[in-house]
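Source: prediction; values computed, not measured.
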Amino acid sequence: MATWSDILEEARQDLGFTGDVVPRNLKGIRAALKPERLADLDAELSTLSEGAIFEAFLDDWWAQALVDSASGPEDKEQALDFADLSISLRNMRSGGQVYTHAEVEAMLKDIAS
């Protein structure tokens, strides 16, 4: 089974991604997000209770943190593509469900309401 760092390297090579990779944990995500997003992060975090949902939450906010830490519009688009590919590769290799960014956002909104 491929490690997360192996998956990130594969996605980096496949896409030619040269941006910084935000650590996929709350500390790394909080540090990379734009300050105006932190309240939304905390609001979603306070509603979570399941392991799979927490993983989807981390994936969603990790992708957003990568986009927030990128500079120009093309870099932001490449960061989101990198995040989507990395998450999909990890989920496919672990036998998990693969969701789009929009599907994850919808799931998290349903839980929060």
Side-chain angles (χ1 to χ4, degrees):
M1 176 183 230
T3 66
W4 179 238
S5 59
D6 293 337
I7 288 168
L8 292 175
E9 184 58 30
E10 181 179 344
R12 184 182 290 278
Q13 289 178 10
D14 285 354
L15 297 173
F17 181 71
T18 59
D20 292 333
V21 177
V22 172
R24 191 181 163 274
N25 57 48
L26 285 174
K27 183 178 180 180
I29 291 167
R30 289 184 69 80
L33 284 174
K34 292 180 179 180
E36 61 267 20
R37 297 193 201 281
L38 294 175
D40 292 336
L41 172 87
D42 291 338
E44 283 184 22
L45 180 59
S46 70
T47 66
L48 301 178
S49 62
E50 293 181 43
I53 297 299
F54 184 74
E55 288 296 319
F57 163 85
L58 272 182
D59 289 342
D60 187 51
W61 281 101
W62 178 71
Q64 185 62 61
L66 280 167
V67 171
D68 281 5
S69 66
S71 49
E74 288 180 16
D75 292 339
K76 290 181 182 303
E77 185 176 329
Q78 188 180 40
L80 184 57
D81 289 345
F82 172 75
D84 285 344
L85 179 57
S86 298
I87 293 163
S88 293
L89 288 170
R90 188 195 73 234
N91 288 342
M92 286 187 298
R93 297 217 173 114
S94 67
Q97 179 68 38
V98 177
Y99 297 103
T100 66
H101 183 70
E103 289 171 327
V104 170
E105 283 186 338
M107 282 189 320
L108 291 170
K109 284 182 180 159
D110 285 346
I111 291 168
S113 56

Donor-acceptor contact below 3.5 Å, side chain Arg12 vs main chain Gly19: yes
Pair Gln13, Glu9: side-chain N/O donor-acceptor within cut-off below 3.5 Å: yes
Side-chain (Gln78) to main-chain (Leu15) donor-acceptor, under 3.5 angstrom: yes
Shortest non-hydrogen contact from Ser86 toward Ile7: O-CG2, 3.4 Å
Which residues share a salt bridge (charged side-chain N to carboxylate O under 4.0 Å, His left out) with Asp20, sequence neighbours left out: none
Nearest heavy-atom neighbours spanning Leu80 and Ala63: CD1-CB, 4.2 Å
Lys76 to Val67 - nearest heavy-atom pair and separation: NZ-O, 3.0 Å
Salt-bridge contact Lys34-Asp40 (side-chain N to carboxylate O under 4.0 Å): no
Residues which pass side chain to side chain donor-acceptor pair (under 3.5 Å) with Asn25, listed by chain and number, not counting sequence neighbours: none
Pairing residues for Glu36 by the side chain to side chain donor-acceptor pair (under 3.5 Å) criterion, not counting sequence neighbours: none
For Glu55, side-chain contact (heavy atoms from CB on, under 4.5 Å) partners two or more places apart: Arg24, Arg90
Residue pairs fulfilling ring-ring contact (aromatic ring centres under 6.0 Å, His included) with at least one residue in residues 19-55, sequence neighbours excluded: Phe54-Phe57
Ser71: partners by side chain to side chain donor-acceptor pair (under 3.5 Å), with sequence neighbours left out: Asp75
CG on Asp14 to CG on Asp81, rounded to 0.5 Å: 12.0 Å
Ring geometry between Phe82 and Phe17 (parallel below 30°, tilted from 30 to 60°, perpendicular above 60°): parallel
For Trp61 against Arg37, the heavy-atom pair lying closest together: CH2-O, 3.8 Å
